[in-house]
Each structure stands twice: as C-alpha cells, then as structure tokens.
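Below: the structure, in structure tokens.
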2 protein chains.
Amino acid sequence: MRHVAALAGVGVKTVSRVINGEPNVSAATIAKVTAAARTLDYQPDLHAGNLRRADGRTRTIGLLVGSVDNPFSGAVHRAVEDAALARGVAVFASSLDDDPAREQEAVSAFLRRRVDGLILTTISESQAYLAPELRRGTPVVFVDREPAGVASDTVVSDNLEGAAVATRHLLERGHRRLAYLGDRAEIRTAQARRRGFLDELGLAGIATRDIPVIENLHDIETARLAALALLERDDPPTAIFSAQNLVTIGVLHALRESGLQHAIALVGFDDVPLADLLEPGVTVVAQNPQEIGRIAAERVFARLDGDAGPAVRTVVPTRLIERGSGEIPPRERG
Amino acid sequence: MRHVAALAGVGVKTVSRVINGEPNVSAATIAKVTAAARTLDYQPDLHAGNLRRADGRTRTIGLLVGSVDNPFSGAVHRAVEDAALARGVAVFASSLDDDPAREQEAVSAFLRRRVDGLILTTISESQAYLAPELRRGTPVVFVDREPAGVASDTVVSDNLEGAAVATRHLLERGHRRLAYLGDRAEIRTAQARRRGFLDELGLAGIATRDIPVIENLHDIETARLAALALLERDDPPTAIFSAQNLVTIGVLHALRESGLQHAIALVGFDDVPLADLLEPGVTVVAQNPQEIGRIAAERVFARLDGDAGPAVRTVVPTRLIERGSGEIPPRERG
DNA sequence: CTGAAAGCGCTAACAA
DNA sequence: TTGTTAGCGCTTTCAG
C-alpha cells in the first residue's frame, strides 16, 4: 500500500479511501491511485485492515457439514455459498465425519481465523464450549442437528414428523412387519427419526418389541451388510424405513443383491441421487437442504446485521415423494 | 493476549512463546499462562500473527470447483480437505458455475484473504492474470482443466484417452451410428473429450460429418431436452457417448422417458451416483476425483515446502466400468 | 529463561 | 479533499 501511495504520489490514507470506495476523493486522484495499484498488482490485505477496522469483520464464515462429499451437505453448502457470495463473504468448509474431535478442531480452526459467524453440524454431547464465543457476539447457527447445552439459532428438518409420515405411508399400505435402519444412536436427529417411526407403530397398535431397530449404521457398506442380514432372517420385514441417505443406498444395494427390490417396500429419509431412475423408483421423505442452507445463512447475516432477538428454531418441512418402492404391498408371510 | 499476560503476570512475548510451543520457557510459566488463557477463553488471532510472522503463512488455501454440490467436485474437495487438515490448513471453497466472472471474483477473494495456495478449476479464456501472483511465489494448481496463458502445476484426467476408450468400446460392439452429447464447447476439457471421440471414429473409418455432436449442455435439463430431440430424429443413434456427469444424467432421463434405456447404448464420461443400481447399469469411463484432489493438494504443499521445479502436469488415468448400458448391441435400422 | 521495543498492512481519528 | 499519527494483536529482534 505504501508503494502504491508512493507511486501515485499521495498518502496511504488516500489509497485506503480509493480502495474502499470512500467518498471525498477527487476523480483525478482516484484515477492515479487505481493506475498505480494496477501497475503494482496491488491486492489489499483484508486481514490487516480487520485488525483496526471498527466492525472487526473478516467477511468470512465457517461451515461445518457432515461431509463435503455427501449430497445433502453439498446442497446445504451451495445454498450457504450463494447467500455468502451475495454479501462478499467467503466460506470455510469442513467435514465433521461424526467425530467429536473433528467438531472441536474445526470450530477452533474457524475461531482462530476470526470468522464472523459459524454454521455447524455437530456430534459432541454438548456445545456448551461455544458459550463464551456466543457471549462475545459471534453468531452460531446449528444445522441439521439440535445443539445441547447452549441456545442459538437452529435450522432442522421436521425429523419426527417426516419419519412418522414415512411410517404411516407403509402402515396404510398394510405393512405390519416393518424394520428401522438408522444412523448413529447418539445423534439427536437420528433419535427423532427413530422416535417418529416407533411412535407411529405404537399408535397403530403394533408391538414394537418385535420390530427390528438397527442403529449405528454410518456408511453405505455397514448399512448394506445390516440390511442383508436382516433380509436373511427367518421372518424378514415386508417394509423397511431407512433413516438416512447413505443407509438408504446401502439398503438399495442389499435389496438388489437379494433380488427383493420389487418385493419389499422401502421408504428412505432424505432424498437420494437418481432415486427416480431406479427400478422401482425410491420413495423418500425428502428434506430440503437448499432451504436449510439458505435459512441458516440468512440467520447468520441477520445476527451480524444486529438482530439480537432470542434464539430462533426453524423447522423445515419434509415432503413425501412416492416413486414406487414405498408403494409395494406387503407380501404374504412365506 | 495482553490480558492473558497481565493475568499470568508475565510479558506478552512469554505468552506468545507458550501459545506457539516455543522452547525456553519454564514449566511453571507454561502452567500459569495456560491457566490464564483458559480463564479468559483466549483464542490466538492467526491473522494478526501473520502480519509479522517470517513465513507470512495464513495456513489457508482456496479451492475453486465446478460446484460444491456436484459429486465430482465434492470428491475432489473432500480429498483436498483431508490433505489440508493433516497440515492444519483450512480450505476456502467456492463454486465456479462455469462463469468467468465468478472465477475472477473467487480468485480475488482468495487473494485478498492471503491464502497460501490456490487449487483452481477455471473457465476464463486465459489465466494470465495469475502471473504476478505466481511470480510472488503463491502456488497455483489447476484441476480438471488445463490453464492457458500461464504455466503451473496441473492435475487432469486423461480426457482424450478416456473418451477414446469409451468410443472404442461402442465401436467394438458394432455401433456405427454414434452421437456425442457434451459440455460447453469452450471448455478445453470438453474439447479433449470431443476430440477423443471424433478421432476414434475417424480411425474406424466413420464419416464424422453425419455424427451428431451436440455441445453446450450445461445441466441435467438441457441435456435431457437435447437427448429427447436426438432420439426423435428419423435416424436416431444406436449409441450415445455423454461426456460429463450431469449430461449423462440428463440422457438417462431422456432414455427412460422414451423407453429406450435397453435399446440404445450409453457410455458416460465421469461416474454417476448409483450408476450400478440402475437398470441397465450405467457404463462409464470413471474419473478418479479423490486422486485428483489428493495430488492437487500434494502439489500445493510441495510448493509451499520449497519445491521450485518446473510446472508438473499430472494425468490421472480413467477407468472403463462396464455395467450394462455400454454393452447394448446396435439395433437394426428400423 | 524472560521482557521491551519496533513494526507487519491497514484503518480510525483528527488535523490541515 | 488530503495527510499524519496512533494502534489493531501479534512476532521479530535484541537486550537483559
């Protein structure tokens, strides 16, 4: 910057004014400074300015998602990026991998870099460690999973109701021998889906103790193996509710390998790529990751713009998409 | 930091030493400082340190991919993140959307934030604007697409050969009426795939002037519509080569809508989610996005570690995966 | 082993 | 309209 000032024959402050488009600079000076900046390939250092700037903003936010290569996360990320780009804010993205240590490290890495806000998918037992940061005024928005130990803006799908809708859909088609395949049991979001499923069975008067509830499936392969084992039981279910996108994919593989894809009903929670091109199409309770990301970003920016109201919890509705697999009728017990 | 120093009753430099794990501090002092830092919830400001630090590193890199919600991009991103995490480096991620303006803005946003290195997917005619930054010593690695106007490390798939393999695969099964559906014509990567396709037809003695070459398909919907139009021609192809993942998905929709998925052969470039669960399975020339991301990150870090050798161009091989759609024999002309 | 002073690139406050 | 001075939070250099 000094060099630019020297070359343009003005003071550093004038350069600063031109770079930041502040008023009260003559057109001639602007031209001189711009030319000098171009000649020297000057790139302003955002961080140096931040050190002194009144608002102390880095125009940067941190985003922690399940994994940047999961389609749900990708859609959330994209929506957050679009909102951020419109405000000149850059996004740090990290993958959680459902590892509490990664959560802590990612948050710490974000904070050391003085992000203006945080959008977090979490797995730790408690997010109380964020309390000091929240007091300091850093906006934190939790996505996909509710926080524990702190109150802050949260954007989640209607997991309980979505799971209930999926379950009712199967019950209404006459299924009585259902099975639940789901994510890690300690994830509150997974718990909600499990509860939505079991509650609905209870309402239908079905003894849930005989219903297979298989949890802790964390990737396609473990889900596939669990589903294969389930299908080989003496008394296999006539319908499966898979409570997460990777679990659904694992189940799809298992059904296909067993040749049962047209015989056993399946409803998945969260949409799956190309679900409509499969045979049969995969019926899902679709989430709305774009909307989740959009709202999360909106919350962060509203807080940065001064919104000091109490923590807002936004529940994004899910939508049942019938494509075939969820409409398979129960097979006679054989 | 001053507060921590005051609370611990030491000088700021001592705090600095403790935070950075520098030697020559007594255990007692370390304990005092650590305790004070914890009490005050002290988070060191990486950027402030950077201003003065000898190496001037922000421990941050910028990654520009096609779109963070494209599966190929997601896989590249994940590989880059894994490599970066191992070195305590955070990743800024942005989507290019094949928009030259976004490329410039993203790079500029990265540079203003003083990233240590850049991993870029590009769309502009020339990347000559990066020359000053390269001279300054910032490592830049181009992924998926070759740069123009500058020489720097590049990691790409073997697009020419991959496309040739796909084409040969169809030719060997007796197809003569092929069609090419591809991405934007100005993308060099797309050009290479198109050339690989056409060259192979030439080698087989097929007059390429009668071969439909449909380009500038930039999303699923435009690809779907183009494929539908193609299939409704008087003399539709017996085999299609779709040269990008979204194009492949669009073609799959069109084939399905026309009921021709078992009648017309299809080979796609770049793998597609759940390709193996479709009916028929989708034969593809798979790229290796994990490897591309891994190598790109490795190049950046090698440069940061002092590697000053000439620009390295790494070509990551592709792999033909036969799943059914590419093995459909040509239909008699009817 | 520890601390004081200077300065990284920038902006705030004020003066000219 | 423009320039000067101080200082953001840290690390460097050098002195104790």
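Keep in mind the model is a prediction, meaning the values are calculated, not measured. Chain A is the first sequence line, chain B the second, and so forth, proteins listed ahead of strands; every chain is numbered from 1.
The separation between B:Glu22 atom CD and D:dC10 atom P is 14 Å, rounded to whole Å. One can place CE of B:Met1 at 18 Å from P of C:dC8, the figure rounded to the nearest angstrom. Protein atom CZ of A:Arg2 is 16 Å distant from nucleotide atom P of D:dG3, rounded to whole Å. Rounded to whole Å, atom P of D:dT2 lies 13 Å from atom NZ of A:Lys13. Rounded to a whole Å, the CZ atom of A:Arg53 is 16 Å from the C1' atom of C:dA13. Put simply, CG on A:Asp45 is 18 Å from P on D:dC8, counting in whole angstrom units. A straight line from CZ of A:Arg114 to P of D:dC10 spans 7 Å, rounded to a whole angstrom. The separation between A:Asn50 atom CG and C:dT11 atom P is 9 Å, rounded to whole Å.
A side-chain donor-acceptor contact under 3.5 Å links B:Ser95 and A:Glu81.
The side chain of B:Asn24 places no N or O atom within less than 4.0 Å of a non-bridging phosphate oxygen (OP1 or OP2) of C:dT2. Neither OP1 nor OP2 of C:dC1 sits under 4.0 Å from any side-chain N or O of B:Thr29. Checking the phosphate oxygens (OP1, OP2) of D:dT2, a side-chain nitrogen or oxygen of A:Ser26 falls inside 4.0 Å. The shortest distance between the side-chain N/O atoms of A:Ser16 and the OP1/OP2 oxygens of C:dT11 is below 4.0 Å. A sub-4.0 Å separation between OP1 or OP2 of C:dT2 and a side-chain N or O of B:Thr14 is absent. For D:dT11, one of the phosphate oxygens OP1 or OP2 lies less than 4.0 angstrom from a side-chain nitrogen or oxygen of B:Asn20.
Looking at heavy-atom distances under 4.0 Å, B:Val12 makes no contact with the nucleic acid at all.
B:Leu304 pairs with exactly one of B:Asp55, B:Asp116, B:Val89 by the side-chain contact (heavy atoms from CB on, under 4.5 Å) rule, that one being B:Asp116. Residue A:Arg114 forms a side-chain contact (heavy atoms from CB on, under 4.5 Å) with just one option from A:Thr138, A:Thr60, A:Thr58, and that option is A:Thr58. Among A:Val65, A:Val140, A:Val141, A:Val143, the single residue meeting the side-chain contact (heavy atoms from CB on, under 4.5 Å) criterion with A:Leu120 is A:Val140. Of the residues B:Ser94, B:Ser124, B:Ser108, the one that meets the side chain to side chain donor-acceptor pair (under 3.5 Å) test with B:Glu103 is B:Ser124.
Residue side chain A:Arg52 does not reach the base of D:dG9 through any donor-acceptor N/O pair under 3.5 Å, judged by distance alone. Remark: the B:Arg17 side chain and the C:dG3 base include a donor-acceptor N/O pair separated by less than 3.5 Å.
Along DNA chain C, the nucleotide nearest B:Gly9 and the nucleotide nearest A:Gly49 are compared for position; the residue whose nucleotide lies closer to the 5' end is B:Gly9.
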